[in-house]
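Please read the structure below before turning to the comments.
Starting from 1, each residue takes its place in the sequence as its number.
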Amino acid sequence: QLQLVESGGGLVQPGGSLTLSCAASGFTLDYYGIGWFRQAPGKEREGVACISSSGGSTNYADSVKGRFTIFRDNAKNAVYLQMNSLKPEDTAVYYCNARRRFYADYWGQGTQVTVSS
């Protein structure tokens, strides 16, 4: 079975940090661009960050720019999202997406991030 599994979510105080991981099983991420998305209660899903298959290009939503960092470790077949200076508005379910253009598109099950005092 081809799967993406997110982990690392949890409860954190405002200003705190959290690192999410996205691990692939059944396929290699080497040829896939990766994106992190999130969906908060009552809101539409939004893109947070993405990274090219080579790791040479990244892009971030304005709301997280300067606070979040996406990076990948192909040796571990995983992608990570380092989240710093977390705010209550970052609270959401975070999803990992792996896309190989014209070939495949996989989503993880999501991991909950709650930022609260």
Side-chain angles (χ1 to χ4, degrees):
Q1 198 75 47
L2 307 179
Q3 288 185 301
L4 289 175
V5 179
E6 300 99 331
S7 62
L11 176 64
V12 64
Q13 293 185 225
S17 297
L18 210 56
T19 299
L20 307 182
S21 65
C22 173
S25 63
F27 70 105
T28 178
L29 290 176
D30 290 5
Y31 300 143
Y32 291 79
I34 308 298
W36 282 98
F37 298 79
R38 68 186 182 187
Q39 187 166 19
K43 295 184 178 180
E44 297 293 322
R45 186 190 70 180
E46 64 174 338
V48 176
C50 61
I51 187 169
S52 63
S53 58
S54 68
S57 179
T58 59
N59 195 30
Y60 299 90
D62 288 342
S63 60
V64 307
K65 195 170 298 181
R67 299 188 297 119
F68 290 12
T69 303
I70 185 172
F71 61 100
R72 64 192 302 155
D73 186 344
N74 284 355
K76 296 184 181 295
N77 208 26
V79 179
Y80 305 89
L81 184 68
Q82 175 66 48
M83 306 184 295
N84 298 322
S85 302
L86 284 162
K87 306 173 180 179
E89 50 263 44
D90 294 318
T91 296
V93 177
Y94 284 70
Y95 299 91
C96 177
N97 169 250
R99 186 172 75 92
R100 185 177 178 182
R101 196 178 183 191
F102 308 127
Y103 186 74
D105 190 352
Y106 303 113
W107 289 87
Q109 83 291 346
T111 184
Q112 175 71 233
V113 172
T114 302
V115 184
S116 176
S117 298

For this session: Considering only NZ, NE, NH1 and NH2 on the basic side and carboxylate oxygens on the acidic side, decide whether Lys87 and Asp90 come within less than 4.0 Å.
Result: no
Exercise. If every non-hydrogen atom of Ala92 is compared with every non-hydrogen atom of Ala40, which pair is closest and at what distance?
Worked result: CB-N, 3.8 Å
Problem set entry | Side chains of Thr19 and Gln82, donor plus acceptor under 3.5 Å | yes
Problem set entry | Arg38 and its salt bridge (charged side-chain N to carboxylate O under 4.0 Å, His left out) partner, picked from Glu6, Glu89, Glu46 | Glu46
Problem set entry | Single-linkage hydrophobic cluster Trp36~Val113, side-chain heavy atoms < 4.5 angstrom | yes
For this session: Find out whether Phe68 and Leu86 are in side-chain contact, i.e. whether some heavy atom of one side chain is under 4.5 Å from a heavy atom of the other.
Result: yes
Exercise. CD/Gln112 to CG/Leu20 distance, rounded to the nearest 0.5 angstrom?
Worked result: 10.5 Å
For this session: Without swapping roles, check the side chain of Ser52 against the backbone of Ser57 for a donor-acceptor pair under 3.5 Å.
Result: yes
Exercise. If Ile, Leu, Val, Met, Phe, Trp and Tyr residues are connected whenever their side-chain heavy atoms lie under 4.5 Å apart, and connections chain through other members, are Leu2 and Tyr32 in the same group?
Worked result: yes
Exercise. When you check the side-chain N and O atoms of Arg72 and Asn74, is any donor under 3.5 Å from an acceptor?
Worked result: yes
Exercise. At their closest point, which heavy atom of Ala23 faces which heavy atom of Ala78, and how far apart are they?
Worked result: CA-CB, 4.2 Å
Seminar exercise, completed: SG of Cys22 to CD1 of Ile70, rounded to nearest 0.5 Å, is 9.0 Å
Exercise. So Tyr60 and Thr69, side-chain contact (heavy atoms from CB on, under 4.5 Å) or not? Walk me through it.
Worked result: CA-CA 8 Å; Tyr60 299 90; Thr69 303; 3.8 Å; yes
Exercise. Within a strict 4.5 Å, meaning less than it, do heavy atoms of the Leu11 and Ser116 side chains meet?
Worked result: yes
Problem set entry | Distance-minimising heavy-atom pair for Leu29 and Ala98 | CD2-CB, 3.8 Å
For this session: Check whether more than 12 heavy atoms from other residues, nucleotides or ligands sit under 6.0 Å from atom CZ of Arg99, and answer yes or no.
Result: no
Exercise. At what distance, to the nearest 0.5 angstrom, does CG of Leu18 lie from CG of Asn84?
Worked result: 10.0 Å
For this session: Start with the C-alpha distance between Tyr103 and Tyr31, add both sets of side-chain angles, then the distance that settles ring-ring contact (aromatic ring centres under 6.0 Å, His included), and finish with yes or no.
Result: CA-CA 10 Å; Tyr103 186 74; Tyr31 300 143; 9.5 Å; no
For this session: Determine yes or no for a side-chain-to-main-chain donor-acceptor pair under 3.5 angstrom, with Asn97 supplying the side chain and Tyr106 the backbone.
Result: yes
For this session: Mind running ring-ring contact (aromatic ring centres under 6.0 Å, His included) on Phe71 and Tyr80 for me, showing each step along the way?
Result: CA-CA 5 Å; Phe71 61 100; Tyr80 305 89; 5.1 Å; yes
Exercise. What is the distance from atom CD1 of Ile34 to atom SG of Cys50, rounded to the nearest 0.5 Å?
Worked result: 10.0 Å
Exercise. Does Leu81 belong to the same Ile/Leu/Val/Met/Phe/Trp/Tyr cluster as Val12, with side-chain heavy atoms less than 4.5 Å apart forming each link?
Worked result: yes
Seminar exercise, completed: All heavy atoms of Ser17 vs all of Ser85, minimum pair found to be OG-N, 4.3 Å
Exercise. Do Tyr94 and Trp107 sit in the same hydrophobic cluster, where Ile, Leu, Val, Met, Phe, Trp and Tyr count as joined when their side-chain heavy atoms come under 4.5 Å apart?
Worked result: no
